[in-house]
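In what follows, chains are A, B, ... by sequence order, proteins preceding strands, each numbered from 1. These numbers come from the heavy atoms of this one structure, side chains and all, not from hydrogens, waters or symmetry mates. A quick note: this is a predicted structure, and the numbers were derived from the prediction, not measured.
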Amino acid sequence: MKPVRVRLEPLKSGTVVVSDIIDPSGRLLVKAPATLDETLKDLLRSHGVREVFIEDRREGKEKSENSETATLEVRLSLLERGNGRGLDLKRLLTETIEQFHREKT
Amino acid sequence: MKMDDYHQIFENFERENGFSTMPEVVSDILNALESDRTSLNDVAEIIKKDPGFAANILKYANSGAYLLAKTSTIEQAVKTIGLGPLKGLCLALPVFTRYRHVAGIGEIWAHSRATAICCQIIAKTVGFSEPDIAETSGLLHDIGKVVLAVSTSNFFQSQIQIADSPDREADWRQEKKLLGFNHCFIGAWFARKFRLPSILVDGILWHHEFEKSTYGRDMTCLTFIGDQIAAAIGLGHPDFVFVEPEFDRALSHMKIDDSLLRNILMECLRRINMIAA
């Protein structure tokens with residue numbers, strides 16, 4: 001997998017940083033690989049680090065129909081947060097998409 | 001980021017051969033389409049002057065996006081696509097082709113094509129009077145993301161990395177928060193620059209906030225529904241994979257009940273599957 005530079009802020013705890021982290025003045029702060037947690041993020045923020053390198057999660061992700069079906073649950077997960085019939089809507093979309101793939105095979 | 005940075009982003013994009021340097025054939029087509037007297041054959045003749053562009057138009061017409069027999073001539077392709085959507089295609093094709101190697105652009109193009117098909121199907125199902133406009137809106141609604149992917153690549157790549165994180169905000173909200181503007185705003189700028197009709201500018205500008213549309217709330221809402229169905233099917237945005245909770249409200253606005261939604265979704269799946277095949 002190739003490393004990709006991303007913003008530090010939205011990264012979740014547990015994300016592995018794959019390149020040494022250097023502060024803006026060139027001082028080594030953390031050797032790679034390092035696993036992010038809130039303490040480390042605070043430390044990096046306080047040293048002016050805004051971006052780090054992680055593994056590109058897109059690498060190796062297949063765009064096959066199977067993987068699309070597998071991630072259907074994730075794609076529809078925010079519907080539950082809406083007011084009204086979010087859950088029913090999620091169920092309807094899931095059933096219809098799964099029915100289509102069943103009929104196709 | 002401030003509005004000055006926004007101008008800087010456009011300048012960077014234009015410097016990298018952005019929207020201003022469209023191929024001559026596209027300028028000629030856009031000029032021809034300004035006239036009411038331009039016929040399908042006139043446009044076909046212009047397209048034929050650029051073999052590369054002509055090949056792309058033929059490829060698109062035969063991609064499965066249209067439920068017609070195979071088209072083998074430019075005249076047939078223009079007729080199949082229609083003059084309305086053709087204008088949108090003329091604007092989108094060169095931009096997506098030029099930046100096809102930039103990470104995320106391939107997915108945005110796939111999503112845009114899928115959304116165009118979904119919008120066309122929804123428009124016809126609900127009896128919307130201008131399905132061609134809806135299709136064009138679907139094709140161009142995320143054109144602003146191309147600018148973000150090219151000109152703010154660090155930001156855009158960061159967004160891609162957290163595309164399926166349920167704790168994050170929606171792409172358009174996050175862009176607004178972190179950049180001061182979003183892909184809808186950039187897309188609307190693009191639409192105005194090429195003098196697209198106000199209803200299309202609205203469709204691009206407000207496709208995530210259809211209630212704010214002035215010139216075509218139904219069409220804008222329809223674009224959002226098409227966008228969300230494409231995401232549900234798995235041809236979503238590279239930087240945000242989710243169907244938004246507002247989808248429900250949009251369906252209610254267009255009076256699309258469960259039965260109608262099921263039919264629309266099935267047809268979208270069939271047609272989009274034809275493209276993928």
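- Heavy atoms only, all atoms of each residue included: A:Leu93 and B:Phe247 are closest at CD1-CE2, 3.9 Å.
- Looking at B:Ala232, the atoms closer than 4.5 Å to chain A (heavy atoms on both sides) sit in the backbone and in the side chain alike.
- Residue contact with chain A, scored on non-hydrogen atoms closer than 4.5 Å, involves the side chain of B:Gln159 exclusively.
- Under the 4.0 Å criterion applied to side-chain N and carboxylate O atoms, A:Lys12 and B:Asp167 are not assigned as salt-bridge partners.
- Both the backbone and the side chain of B:Arg262 come within contact range of chain A, with heavy atoms under 4.5 Å apart.
- Atom CG of residue A:Leu87 and atom CG of residue B:Asp248 lie 11.0 Å apart, to the nearest 0.5 angstrom.
- Ranked by heavy-atom pairs under 4.5 Å with chain A, the list B:Leu269, B:Leu251, B:Leu265, B:Asp258 is led by B:Leu269.
- The two residues A:Glu51 and B:Asn154 make their nearest non-hydrogen contact at OE2-ND2, 3.5 Å.
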Applying side-chain contact (heavy atoms from CB on, under 4.5 Å), run through B:Phe242 and A:Val74 and close with a yes or a no. CA-CA 7 Å; B:Phe242 301 97; A:Val74 175; 3.8 Å; yes

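- Residues A:Val6 and B:Phe155 are not in side-chain contact: their nearest non-hydrogen atoms beyond the backbone lie 4.5 Å or more apart.
- For the pair B:Gln161 and A:Glu55, the tightest heavy-atom approach, listed with the atom from each and the gap, is OE1-O, 3.7 Å.
- With a 4.5 angstrom heavy-atom cutoff, B:Ile229 does not touch chain A via any of its atoms.
- Neither the backbone nor the side chain of B:Arg249 has a heavy atom closer than 4.5 Å to any heavy atom of chain A.
- The CG atom of B:Asn273 lies 7.5 Å from the NE2 atom of A:His101; values are rounded to the nearest 0.5 Å.
- A 4.5 Å side-chain heavy-atom check between A:Arg81 and B:Pro166 finds at least one atom pair inside the cut-off.
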B:Gln228 vs A:Arg75, test: side-chain contact (heavy atoms from CB on, under 4.5 Å). Steps then yes/no. CA-CA 10 Å; B:Gln228 297 303 297; A:Arg75 297 199 299 269; over 6 Å; no

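- Contact count versus chain A (heavy atoms, under 4.5 Å) is highest, among B:Leu261, B:Val243, B:Val241, for B:Val243.
- In terms of modelled atom types and a separation under 3.5 Å, the side chain of B:Ser158 and the main chain of A:Arg7 share a donor-acceptor contact.
- Contacts of A:Glu95 with chain B are made by side-chain atoms alone, with heavy-atom separations under 4.5 Å and no backbone atom involved.
- Counted within 6.0 Å of NZ on A:Lys41, heavy atoms from surrounding residues, nucleotides or ligands total more than 12; the atom is thus considered enclosed.
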